[in-house]
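Numbering of ligands and ligand atoms starts at 1, following listing order.
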Amino acid sequence: MTADAPWMRAARSAGLVDLDGTVRPTIFAEMSALAAEHGSVNLGQGFPDDDGPIEVLDAAVDAIRSGQNQYPPGRGTARLRTAIAEHQQRWYDIDVDAHREVLVTAGATEAIAASLLALAGPGDDVVTLEPYYDSYAAIIGLSGARHVTIAVHGPDFQPDPAAIDAAITDRTRVVLLNSPHNPTGSVLAAEHIDRIVAAAQRHDAVIVSDEVYEHLVFDGQPHVPVASHPGAASRTLTISSAAKTFNVTGWKIGWITGPADLVEASLAVKQFLTYVNGSPFQDAVAIGLELSRERFEAHTATLQRRRDLLAAGLTDAGFAVSHAAGSYFIVAEGDPLGLGDGAATARALAVDPGVVGIPLRAFGRADGAVSRTALRFAFCKPDEVLLEGVRRLRSLQA
Ligand code: PMP
């Protein structure tokens, strides 16, 4: 097994290879194991415990019972592609051709993999914010491209304009954005998006915009897709997923929308990664996308209330909490146990008082500029779970 085998490159890019070449499990696996061992409240991994809209669940059951169990069309069912196009029109006034400009994927994860593997390779740069969602670094590593980052720091986690201009160059093939942002909960300010679009235009780069938290923007603010910024649509692939909008992370139904040629390129890779996926779930997700605006807003309001609940508890426990403008996540800065290191704090908190968070550093490079002490906590959990987590966190101050 050679050190430069593609899987090693992916693991190394994701920061999972020790100096002696040992490949470690991810911090998520380690923290979930600690949570199970100690009966901790698990606010580590970002998945909801409660089910989403009953119509959506029923539609999937009916689809299985009525024989929608074979390969769907390669681009996804016509019903779902039409619902995705209509959703873009209804929410954002973006015109998407359901036949040529939509591709259904195995979650946003495959959408990210297919688009990046289609567009970037050795000799190219792929630019992301740092910290970043953990699959980005691994896929960029697999593609053979170089990963260039734009650091974002608390408490607002917005990029520095000069860093945007420095990162995006003629080598840049793809700028991979994510807003609302995992892991920081920030929403990229419009002026920064405009600057990134201008740089992408100057250097002829494609923008891949991961907007899986599009329906989790809080405080009455609208989600503004990158593709709706002036000059962006013709070079932007937008990625989303049913996972966070309908609480169905296990269904793995995601999608890409954007210019036909870029969607086509992603399809060329997707067809050999999974070919197709999730047949009975696709039309069920279409029913979700067609739900009333009130239903989406109720979901947003629930998550916003849970954000506030967790933020208050973390503040009482002695953390400085960043404002999560969107997503499932909140960043808690500080060092209440005096350990000086986020990973050590996360491990200690998992045991006593028994609350699991993820060190923010896990979402960046070992030598990157991500805070060494901050932790990421997920608030996409039922109220009783959050209340118990908060009760335990408050005991730190006792
Ligand atoms: N992108 C981001 C920013 C995410 O947070 C997640 C899920 N944690 C994904 C992509 C993956 O989405 P899916 O489950 O649809 O593959």
Side-chain angles (χ1 to χ4, degrees), residues 14 26-29 31-32 42-49 52 56 76 80 84 87 102-117 126 128-140 149 152 157 174-188 207-217 223 225-226 237-257 266 269-270 273-274 276-278 281-282 284-285 288-289 303 307 324-331 357-358 360 362-364 376-381:
T26 68
I27 185 83
F28 300 98
M31 297 309 296
S32 289
N42 194 347
L43 306 181
Q45 217 170 0
F47 62 89
D49 295 350
V56 175
L80 177 54
I84 291 166
H87 171 275
V102 181
L103 173 64
V104 176
T105 55
T109 306
E110 189 193 36
I112 294 158
S115 55
L116 284 180
L117 293 174
V126 176
T128 73
L129 304 176
E130 185 176 17
Y132 44 74
Y133 177 56
D134 55 343
S135 87
Y136 296 178
I139 293 294
I140 296 167
T149 61
V152 294
F157 294 105
V174 176
V175 184
L176 172 55
L177 296 178
N178 171 218
S179 176
H181 188 234
N182 178 3
T184 69
S186 67
V187 167
L188 258 181
I207 298 171
V208 175
S209 185
D210 176 349
E211 302 182 13
V212 298
Y213 299 102
E214 62 182 316
H215 286 292
L216 295 175
V217 177
H223 173 69
V226 169
L237 284 175
T238 305
I239 290 175
S240 193
S241 163
K244 319 295 154 115
T245 304
F246 306 119
N247 288 14
V248 289
T249 58
W251 286 12
K252 301 302 290 188
I253 302 292
W255 51 88
I256 305 177
T257 55
S266 307
V269 175
K270 186 246 160 36
L273 289 177
T274 55
V276 290
N277 60 283
F281 302 118
Q282 292 199 12
V285 169
L289 288 170
L303 269 292
R307 172 200 67 180
S327 88
Y328 274 175
F329 305 108
I330 209 161
V331 173
I358 304 289
L360 200 65
F363 303 91
R376 185 198 79 169
F377 291 95
F379 52 81
C380 52
K381 300 290 170 186

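For Ala284, the side chain to side chain contact (heavy atoms under 4.5 Å, CB included) partners two or more places apart in sequence, or in a different chain, are Val56, Ala59, Ala60, Trp251. Residues satisfying the ring pair (Phe, Tyr, Trp, His ring centres under 6.0 Å) test with Phe157, not counting sequence neighbours, are none.
The CD1 atom of Ile239 sits 7.0 Å away from the CG atom of Leu176 when rounded to the nearest 0.5 Å.
In the vicinity of Asn178, heavy-atom distances shorter than 4.0 Å reach the ligand 1 atoms 3 (C). Counting atoms of ligand 1 from 1 in the listed order, those under 4.0 Å from a heavy atom of Asn182 are 3 (C), 4 (C), 5 (O).
Only the side chain of Lys252 comes within 4.0 Å of ligand 1, counting heavy atoms alone; its backbone N, CA, C and O stay farther away. Only the side chain of Tyr213 comes within 4.0 Å of ligand 1, counting heavy atoms alone; its backbone N, CA, C and O stay farther away.
Checked against a 3.5 angstrom limit, the closest N/O atoms of Ala108 and ligand 1 fall inside it. Checked by distance only, ligand 1 and Ser241 come closer than 3.5 Å through their nitrogen or oxygen atoms. Inclusion of Thr249 in the set of residues having an N or O under 3.5 Å from an N or O of ligand 1 is not warranted. The distance criterion of under 3.5 Å between nitrogen or oxygen atoms is not met by Tyr136 with respect to ligand 1.
For atom 3 (C) of ligand 1, the nearest protein heavy atom (residue, atom name, distance) is Asp210 OD2, 3.3 Å. With hydrogens left out, the protein atom closest to atom 11 (C) of ligand 1 is Thr109 OG1, 3.3 Å, a heavy atom.
With 3.5 Å as the limit, one finds a donor-acceptor pair spanning the side chains of Glu130 and Thr149. Residues Asn182 and Tyr132 bring no donor and acceptor atom of their side chains to less than 3.5 Å of each other. With hydrogens and angles left out, the side-chain atoms of Glu211 and Ser179 include no donor and acceptor closer than 3.5 Å.
Of the candidates Glu211, Lys244, Gln45, His181, Lys244 brings a heavy atom nearest to atom 8 (N) of ligand 1.
For Tyr213 and Tyr133, the ring centers sit 6.0 Å or farther from each other.
Nearest heavy-atom pair, Ala14 versus Ala138, reported as atom, atom and distance to 0.1 Å: CB-CB, 4.3 Å.
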